[in-house]
Amino acid sequence: SYHNIHNSRPTADQRQTNLPSPQYRLNMKGFKKSMDKRYSRFAKCSKRSKRILREVPPSSMIDYSVFLAVMNDHTWLKRELAEYLSGKDALSMSLVSKQSRLLEYTTPTGDEWVHERSLERYGPPHDYEAFEWFTLPVNSSTTHTMIVAGMWKDQGWGNQKGMISIVTNNGQAPNEFKKRSKDVISYVEPSPHRWEAFQLVSPIQKSCNESIDKTELYKVWARVGGGGGHRLFVQGLNVRLLKYADER
């Protein structure tokens, strides 16, 4: 049974002969470290998760089969673990085995998202404002993290003023010389003079409030910059989503 599995401890010989692989040790170390950082918030949101995780042995003594038993007996725990891990740590956990898969990469299909993969914009001398570029195809109830990537550059000379950002809460990206608001959850600036890769990584905002709005919009904003002669170029735009494995 579940409790018998937890109460049984491997002998010294078993610990020597059944050592986890180096990759497993690395993944579990990162997982445990991330869980320690988020434990207080995690416990507040789910008392049952706190009660179950309390029975899991310390990372120095844990047997992987014990952890799998916990995951299999409480399938809802996968979702809660993923919600309070970073995308990097949740992916690391997913690579341990098929049973511990928390997240999976997905790319929006043509039916879900139809948008230009490039941008070429000229900035008039007196236009210092950011502009809304497009809305991300995100369902916040099934998505853990969104990734926007591509290649970008400016006019190739002079001041560097270009910016790309992800904004939520119906907010907006800052105009030139203005401070960013808390609605800007990921950004990259200034634009380079030569083609360079950029990547915006943004986790979906979570809340302990059960009434959280699952239809929250996430939008990509950009800014060219004023003063005259400024341009912004983007090529090879790509959007990827990290979705909960049980929601695909």
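What you see is a predicted model; the values in this text were computed from it and never measured. When reading the values below, keep in mind they use all heavy atoms of this one structure, side chains included, and skip hydrogens, waters and symmetry mates.
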Do Val220 and Val234 land in one hydrophobic cluster if side-chain heavy atoms of ILVMFWY residues count as linked below 4.5 Å?
yes

Verdict with supporting geometry, Tyr244 and Glu83, side-chain contact (heavy atoms from CB on, under 4.5 Å)
CA-CA 9 Å; Tyr244 299 105; Glu83 284 186 353; 3.2 Å; yes

Has Gln155 got a side-chain atom pairing as donor or acceptor with Arg231's backbone, closer than 3.5 angstrom?
yes

Hey, could you give me the CZ/CD1 distance between Arg223 and Ile164, rounded to the nearest 0.5 Å?
11.0 Å

My understanding is that only residues two or more places apart in sequence, or in another chain, count here; which of them pass side chain to side chain contact (heavy atoms under 4.5 Å, CB included) with Gln160?
Asp154, Pro190, His193

Do His230 and Asp127 come close enough that some side-chain heavy atom pair is under 4.5 Å?
no

Least distance between heavy atoms, Ile166 atom then Met146 atom
CG2-CE, 4.1 Å

Residues at least two apart in sequence or cross-chain that pass salt bridge (charged side-chain N to carboxylate O under 4.0 Å, His left out) with Lys153, listed by chain then number, are none

Would you name the heavy atoms of Asn139 and Ser141 that are closest together and state the gap between them?
OD1-OG, 2.6 Å

Do Val167 and Phe134 belong together in a cluster built from hydrophobic side chains that touch within less than 4.5 Å?
no

When hydrophobic residues are tied together by side-chain contacts of less than 4.5 Å, even through go-betweens, does Trp133 share a cluster with Val184?
no

Kindly indicate whether the side chain of Leu119, heavy atoms from C-beta on, has any atom under 4.5 Å from the side chain of Leu237.
no

Please check this pair: side chain of Ser94 against backbone of Leu103, looking for a donor-acceptor N/O pair closer than 3.5 Å.
yes

Which atom pairs, donor and acceptor, lie under 3.5 Å between side-chain atoms of residues 174-181 and protein residues at least two apart or in another chain?
{"from": "Asn175", "atom 1": "OD1", "to": "Ala130", "atom 2": "N", "distance (Å)": "3.0"}
{"from": "Glu176", "atom 1": "OE1", "to": "Gly226", "atom 2": "N", "distance (Å)": "2.8"}
{"from": "Glu176", "atom 1": "OE2", "to": "Lys161", "atom 2": "NZ", "distance (Å)": "2.7"}
{"from": "Arg180", "atom 1": "NH1", "to": "Glu189", "atom 2": "OE2", "distance (Å)": "3.0"}
{"from": "Arg180", "atom 1": "NH2", "to": "Tyr187", "atom 2": "OH", "distance (Å)": "2.8"}
{"from": "Ser181", "atom 1": "OG", "to": "Asp183", "atom 2": "N", "distance (Å)": "3.3"}

Give me the other members of the hydrophobic cluster that Phe233 sits in, counting Ile, Leu, Val, Met, Phe, Trp and Tyr linked by side-chain heavy atoms under 4.5 Å, directly or via other members.
Met151, Trp195

Test of understanding: with side chain to side chain donor-acceptor pair (under 3.5 Å), list the residues that count as partners of Glu116, not counting sequence neighbours.
none

Give, for atom CZ of Arg240 and atom OG1 of Thr145, the distance between the pair rounded to the nearest 0.5 Å.
11.5 Å

Hey, does Tyr218 have a side-chain heavy atom less than 4.5 Å from the side chain of Val148?
no

Checking side chain to side chain contact (heavy atoms under 4.5 Å, CB included) against Leu241, which of Thr107, Thr142, Leu136, Thr143 comes through?
Thr143

What pair of heavy atoms forms the shortest contact from Val239 to Arg117, and how long is it?
N-NH1, 4.4 Å

Could you state whether Phe131 and Val188 fall into the same hydrophobic cluster, counting links through intermediate Ile, Leu, Val, Met, Phe, Trp or Tyr residues with side-chain heavy atoms under 4.5 angstrom apart?
yes

Starting at CG of Leu217, measure out to OG1 of Thr168 and round the result to the nearest 0.5 Å.
7.5 Å

What residues form a ring-ring contact (aromatic ring centres under 6.0 Å, His included) with Trp221, not counting sequence neighbours?
none

Of all heavy-atom pairs linking Leu242 and Gly87, the shortest is CD1-CA, 4.2 Å

Heavy-atom pair with the smallest gap, counting every atom of Trp157 and Gly229:
CZ2-O, 3.9 Å

For the residue pair Ala222 and Leu232, what are the closest heavy atoms and their distance?
CB-CD2, 4.1 Å

Separation between CG (Leu81) and CE (Met93), nearest 0.5 Å, reads 7.5 Å

